[in-house]
Amino acid sequence: MNLFDVYSLFDVTPVRARGCRIWDDAGQEYLDLYGGHAVISIGHSHPHYVQALTEQLGRIGFYSNSVRNPLQEELASRIGKISGYGDYSLFLDNSGAESNENALKLASFHTGRDRVIAFHKSFHGRTSGAVAVTDNPAIVSPFNAVHKVSFCDLNDAESVEKELAKGGVAAVIVEGIQGCGGINLPTDEFMQALRTLCTKYGAVLVLDEVQSGYGRTGRFFAHQWNGIRPDIITMGKGIANGFPCGGILISPEFKATKGMLGTTFGGNYLAMAAALAVLDVIEDEKLIDNAYAVGSYLKEQLSGKPRLADVRGRGLMLGLEFGEDIAPIRRKLLFEKHIFTGVAGKNMIRLLAPLCLSMDDAKTFITSFEEVLNEA
Ligand code: PLP
C-alpha cells in the first residue's frame with residue numbers, strides 16, 4: 001500500500017534527535033529551527049521527558065474518561081499556575097484543530113448563536129470545523145461550510161464591529177500571532193478592542209494559542225503581551241513536545257453540562273505524563289525567558305540584512321520575509337548548512353525553534369544564513 005501523497009517531502013530521513021539537533025539515516029547532523037512545526041518545546045528526547053513517558057507506560061498507558069485520572073487534575077493545576085489562568089477550567093483533547101472545534105462548539109452552546117468572525121490569513125486547523133474559519137482557498141473544501149463565518153482584516157476593529165452589529169455572532173476567533181498566514185501580529189489596541197466588542201455584543205472571544213502559546217513568545221500565551229483575557233484559549237503543538245495532545249482553557253462564565261464535550265483519547269495517561277514533564281522542564285530550565293532572549297537576539301541580528309524585506313515576530317516565533325521566492329534559500333539551508341527551517345507562503349522563512357535554542361545555536365544559524373544569502 002502507498003501513502004496518500006499529500007505532503008511535499010524533503011529527501012531526509014531523521015532517525016535520532018536530542019535537544020535542537022537531529023541526525024538522519026546517513027549520520028548527518030542537523031540544527032532544528034523548526035521543531036516539527038512548533039511542536040518541540042523542550043527539545044527533542046529530553047531525558048526527563050523520556051523517563052516520565054517510559055515510567056508511565058510501565059504503570060498504565062490508557063484508560064477511558066469514564067473514571068478519574070489524577071494526572072489530568074495535576075496538569076490543570078500546573079497550567080493554571082504557570083499561565084495565570086487558575087480560575088479557568090481545562091478540557092483536554094488531541095490536537096489544535098480539535099481544540100478550536102471544541103472552543104467554537106462551546107461558544108455556540110453558551111450563546112445559542114451560530115455565526116463566527118475570523119480573520120483573513122488565519123489558520124485554525126484542517127478538520128472541517130476548524131478549516132471553516134480559515135479563508136485559504138487551497139485548503140478549504142465545499143464541505144467546510146459548516147459554520148456561518150465572516151472574515152475581517154486583522155487589526156481592523158471597525159469591520160469586526162460592523163459584523164458583530166448584524167447579530168447572531170457566537171465567537172470571534174483570533175490567533176495570538178498569525179503563524180501559517182505569515183507571522184502577523186495583532187496590535188495591543190486591536191486585541192483590546194476585540195475584548196471590549198465581544199463583551200459589548202455578548203460574543204465569546206476565542207484565542208487560538210496553538211502555535212503562539214506555551215511560552216514560545218516569552219510569555220506563556222502571546223495574547224498576554226496585549227493585556228487582555230479571552231473567554232476561551234486553545235492549545236496544542238508544544239503542550240506535550242510531540243506526543244499528540246491539545247486542550248482548551250475555559251473561563252468561569254461557562255457552565256459545564258455532562259456530555260457537552262467529549263473524546264476517547266483526550267487527556268490519556270501518556271499524554272498527561274508527557275505534558276507534565278514538559279512543564280517540569282519549561283520551569284526548571286527557564287525556557288520561556290530563554291525563548292524571549294534568544295528570539296530577540298535573532299530578530300535584532302537578522303533585521304536589516306540585505307535581501308530581507310522584514311523580520312517579524314516575538315520570541316522564537318519569527319518570520320523572515322523576502323521580496324523573492326525563498327525555496328532555493330531554504331533548500332541551501334537544509335542541504336548545504338544542514339539547518340531545518342519552515343515557511344509561511346512563498347516569500348517567508350518561518351523559525352519555530354525548540355524553546356531551548358542556545359545563543360551559540362542562534363549564532364550558528366546567523367552565520368550560515370549570511371553565507372547562503374551571499375552565495376545565492
Ligand atoms: N491553530 C493554529 C494557529 C495552528 O498553527 C495549527 C497548526 O498549524 C492548528 C490550529 C491546527 O493544529 P493541529 O495540526 O494540531 O490540528
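In listed order, ligands and their atoms are each counted from 1.
For an aromatic pair to be called close, the ring centres must be under 6.0 Å apart, and Tyr214 with Phe220 satisfies this. The aromatic ring centroids of Phe265 and Phe62 lie less than 6.0 Å from each other.
Residue contacts with ligand 1: Gly96 is placed with a nitrogen or oxygen under 3.5 Å of a nitrogen or oxygen of the ligand (distance criterion only). The shortest N or O to N or O distance between Asp208 and ligand 1 is below 3.5 Å. At a 3.5 angstrom cut-off on N or O pairs, Val210 does not count as close to ligand 1.
The single protein non-hydrogen atom nearest to atom 14 (O) of ligand 1 is Lys237 NZ, 4.7 Å, given as residue, atom name and distance. The protein atom (non-hydrogen) at minimum distance from atom 4 (C) of ligand 1 is Phe123 CD2, 3.7 Å.
Listed by chain and residue number, Arg21 satisfy the salt bridge (charged side-chain N to carboxylate O under 4.0 Å, His left out) test with Asp361 (two or more places apart in sequence, or in another chain).
Ionic pairing of Arg330 and Asp325 is not present here: no N-O contact between side-chain nitrogen and carboxylate oxygen is shorter than 4.0 angstrom. Between Arg229 and Asp87 there is a salt bridge, with a side-chain nitrogen of the basic residue lying less than 4.0 Å from a carboxylate oxygen of the acidic one. Between Glu283 and Arg78, at least one side-chain N (NZ, or NE/NH1/NH2) sits under 4.0 Å from a carboxylate O, which counts as a salt bridge.
Distance check for atom 1 (N) of ligand 1: a protein heavy atom is found below 4.0 Å.
Within the listing of ligand 1, atoms 5 (O) sit less than 4.0 angstrom from a heavy atom of Gln211. Each of the following atoms of ligand 1 lies closer than 4.0 Å to a heavy atom of His37: 8 (O). Ligand-side atoms of ligand 1 in range of Ala97: 11 (C), 12 (O), 13 (P), 16 (O), range being under 4.0 angstrom from any heavy atom. Ligand-side atoms of ligand 1 in range of Glu175: 3 (C), range being under 4.0 angstrom from any heavy atom. Listed by atom number, the atoms of ligand 1 under 4.0 Å from Ser95 heavy atoms are 15 (O), 16 (O).
Not a single heavy atom of Glu209 lies less than 4.0 angstrom from ligand 1.
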Show me the donor-acceptor pairs within less than 3.5 Å that the side chains of residues 333-349 make with the rest of the protein, sequence neighbours left out.
from, atom 1, to, atom 2, distance (Å)
Lys337, NZ, Glu371, OE1, 2.5
His338, ND1, Gln28, NE2, 3.2
His338, NE2, Phe335, O, 3.3

